[in-house]
Amino acid sequence: MLLDYFKAKGLLDRYGIDSVESRYVKSASDAVKFANGKPIVMKLLSEKQLHKSKAGLVRLGLSDSAEIKDAYDELERKGRSLKPYNIIAQQTAPNGIEAIVGGREDPQFGKLVLIGLGGIYVEAFKDFALRTCPITEYDAAEMISQLKSRDIMTHNGKSAKMLADLLIKVSKLLNDNPSIQELDLNPVIITEKGYEIVDIRVLE
Amino acid sequence: MTDLTPILKPKSVVIIGASRTPGKVGHIILQNYLNEGYDGKIYLVNKNAEEILGIKSYKRVTDIKGGIDLAVIAIPAEGVPMVLEDCGKTKVKSAIVVSGGFAEVGNVDLQNQIVEIAKRYKIAMIGPNCLGVVDPRSRVNTLFLPSYKLSKPQVGGVSFVAQSGAVGSTVLDLIAGEGFGLSKFISYGNAEDLDEVDILEYLMNDPETKVIIMYIEGIKRGKEFIKLARKITKVKPVVVLKAGRTEAGSNAAHSHTAALAGSYEANEAVFQQFGFTIANDLSELLYYAKIFESEGAPKGNRIAIVTNGGGAGVLTTDAIASSRFIKLGEFSASTNSALQKTMPTLVNIRNPLDLAGDADDKRYGDALAALSSDPQIDMIIVIILFQTPGADSRLASEVVGLKENTDKPMIAISIGAEYTEMHKIMMERSGLPVYDSPRAAALALEALFRYYSYRNHKG
């Protein structure tokens, strides 16, 4: 079962993992208020559709109230066949390389943690590294250096360290919470300053 | 921990289903025991025979007086529960069930029945549906393959664990054609009682085993495997070939993570995490067995190439360049000046060091002596193309001699037909691993470096 977005976000918070500021919106004016003049993103969240971008359930760069209203109406229309659903508004994340960090429960080996090239490239390149939980600092560093995309994903030693820390935190979270079956943080946008987690998906 | 000693070093063995008819499984197994010169006590069970190949045959195991370490069971599946029960009553310590016809063809109940019997009597059981074991030191060979069809490996330090009997015997045959030797071969089939965890644990503590190579289709007890995996690679190298790469991923996945990382990837993750060397095919399994059996830890990842063929040197340089773990080293100043003194002017002093087509034992000797003491070089590849005039048995023995005197890992590449093959075997049996391609050599040194780096990190 898909865990509610904000429950999942709260779980990440408890492990010191920040994610982009978000709110469920019940109307277009709700979303306009949340935007407060800054560009936002709106998405439709439903257990019935994993591939949000492909299914046209993500609208980016919405600034004025007309754009926001148009996006809200469209998502609401598309949501009719995807009930139950929520529409979420999020602050726009900075541009950067998109990574995926995730995990799942394996019937053989228990919890696994993953990092890979994320966003729309996940399935095209299948460039990822996987380990069993819990992982050590050495394991996290090895995972990152194993990726073909390691050089574009890490701008410098600092961002490699930061990603390794994130992996260790996620591994701990997975290990501590036996009910989690699958977890996707995708995309995790990596910038020169840090990273921004834009989407969270936890299945119990 | 299950003790496999009664299986691998039995003092006495009973062959159940021993046969008078040449070509039958129960006949071949007995013949192999006799051919290998097994010096323990051999008992036979066959309800219709008095004597087979001069050895008395009993009607039932329970008729045999005297302790039995190992029962080799080669009778039709439906008869196995009864004889296993007999083995239990007679306090037989271990059993290899060669017979097929169990879970692999859907007879799960029959399989459960024999597992229950083995557990009840504490019989350590390998199989069913397997080839069993070979231990050249104890001259135990339970394979039902005619010995003229399968070359016999030398005695050595490589233990080979195979879930599949057919892959197992093929690789065993290939090992016989290589210069390294076998410690144990264990084909464990359906793995109903003893599985890979038990077998690996035994081999980890086996002083005769220097390196473990395995062919595996599935891991039975994942958590226990991880526990063992943490320990075993700190003790000795383990090379693994896992079948089932194309296994369909999780189609029902609700997340990208589950869609990407299926069960094959999970196995691979465990191997990567705990310092196993992953072989992608049977050839790689042998490349890695050879390097680990012969070579110890390198100090670093810098390689020197010495060659009597320019092209082969370039190809080997390319093979190394395609690895992100190993690289060509730069000769130290003292190596450069030593080489300047000993090499003729047509030799360019640089890495790869091309000694030219007329290089002989003297020139190789001088070059390798200089490189052996170079602090900027960690591993050495010697390419010897035996088609050239100066390359002969003297050169081969010169290189082997220098290899004995260096603590750096050193391997050779020789590519060619009969004349080369003869020298390859000679050099390998003297302790110099020989590869037949630049790619194989680069893979081997990369694996060696990566394994010992892992061990350094994990202590």
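Each chain gets a letter, A, B and so on, in the order the sequences are listed, and its residues count up from 1. Nothing here was measured: the structure is a model prediction, and the numbers come from that model.
A heavy-atom distance below 4.5 Å is not found between the side chains of Thr257(B) and Glu182(A). By the 4.5 Å heavy-atom criterion applied to side chains, Ile135(A) and Gln273(B) are counted as neighbours. Arg324(B) places a side-chain heavy atom less than 4.5 Å from the side chain of Gln146(A). Within the 4.5 Å cutoff, the side chain of Glu268(B) has no heavy atoms near those of the Leu130(A) side chain.
Of all heavy-atom pairs between Ala266(B) and Arg104(A), the closest is CB-NH2, 4.0 Å.
No more than 12 heavy atoms of other residues, nucleotides or ligands shown are found within 6.0 angstrom of CD on Glu137(A). The neighbour count for Lys327(B) NZ, taken as heavy atoms of other residues, nucleotides or ligands under 6.0 Å away, does not exceed 12. No more than 12 heavy-atom neighbours from other residues, nucleotides or ligands sit within 6.0 angstrom of OH on Tyr121(A). In Asp281(B), the CG atom is crowded: over 12 heavy atoms of neighbouring residues, nucleotides or ligands sit closer than 6.0 Å. Atom CD of Glu192(A) has 12 or fewer neighbouring heavy atoms from other residues, nucleotides or ligands inside a 6.0 Å radius. Lys172(A) NZ: 12 or fewer foreign heavy atoms inside a 6.0 Å radius. In this structure, Lys158(A) places its NZ atom where only 12 or fewer heavy-atom neighbours from other residues, nucleotides or ligands lie under 6.0 Å away. With a 6.0 Å radius and a threshold of 12 heavy atoms from other residues, nucleotides or ligands, Lys52(A) has its NZ atom above the threshold.
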**OP:** Output, in order, the C-alpha distance, side-chain angles, deciding distance and verdict of side chain to side chain contact (heavy atoms under 4.5 Å, CB included) for Glu265(B) and Lys126(A).
**Re:** CA-CA 11 Å; Glu265(B) 288 76 16; Lys126(A) 292 190 169 65; over 6 Å; no

**OP:** Show the numbers, then the answer: is there a salt bridge (Lys or Arg N to Asp or Glu O under 4.0 Å) between Lys458(B) and Asp139(A)?
**Re:** CA-CA 10 Å; Lys458(B) 296 280 170 166; Asp139(A) 294 328; 3.5 Å; yes

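Heavy atoms of Ile219(B) lying under 4.5 Å from chain A belong to its backbone as well as its side chain. At a 4.5 Å heavy-atom cutoff, the contact between Phe128(A) and chain B is made by side-chain atoms alone. The contact between Tyr454(B) and chain A is made by backbone and side chain atoms together, counting heavy-atom distances below 4.5 Å. Residue Leu183(A) touches chain B through its backbone alone, counting heavy-atom pairs closer than 4.5 Å.
Proximity of a side-chain donor or acceptor of Arg221(B) to a complementary backbone N or O of Gln108(A) within less than 3.5 Å is not detected. The backbone N or O of Ser255(B) lies less than 3.5 Å from no partner atom in the side chain of Arg201(A), so there is not a single donor-acceptor pair.
In this structure, CG on Asn186(A) lies 9.0 Å from CG on Leu260(B), to the nearest 0.5 angstrom.
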